[in-house]
Amino acid sequence: MPTRSRSRHWQWLLIVPTAAPLLTPYANRIEPRVAGVPFFFWYQFACALLAMVVITFVHLVTRENDHE
């Protein structure tokens, strides 16, 4: 039972990839450009990559071990 409650704490990290794209009013600008791409577009792409990394991390940490 303690492992279950401990693993739920990791799920709070899922707030980060949920909230990051919602900061659109702060990201709605052109500069700085990366390889000619305006900030808004590469920020959204970075949010998608962040979501993939965080979701994968939370899944790996909270999954139940099949060997037990």
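Not measured: the values here are computed from a predicted model.
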Which value, rounded to the nearest 0.5 Å, describes the distance between [X] atom [atom1] and [Y] atom [atom2]?
| X | Y | atom1 | atom2 | answer |
| --- | --- | --- | --- | --- |
| Asn28 | Phe39 | CG | CZ | 10.0 Å |
| Phe57 | Thr62 | CZ | OG1 | 9.5 Å |
| Ile15 | Leu13 | CD1 | CG | 8.5 Å |
| Leu49 | Met52 | CG | CE | 4.5 Å |

Any chain of hydrophobic side-chain contacts (each under 4.5 Å) joining [X] to [Y]?
| X | Y | answer |
| --- | --- | --- |
| Tyr26 | Leu22 | no |
| Tyr43 | Val16 | no |
| Leu23 | Leu50 | no |
| Val34 | Phe45 | no |

- [ ] Output yes when a side-chain donor or acceptor of Trp42 lies under 3.5 Å from a complementary backbone atom of Pro32, and no otherwise.
- [x]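 Pair found, side chain donor or acceptor close to backbone of Pro32.
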Task: Atom CD1 of Ile30: over 12 foreign heavy atoms under 6.0 Å - done: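 No, because the 6.0 Å sphere around CD1 of Ile30 holds 12 heavy atoms or fewer from other groups.
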- [ ] Output yes when Glu31 and Arg29 qualify as a salt bridge under the 4.0 Å nitrogen-oxygen rule, no when they do not.
- [x] no
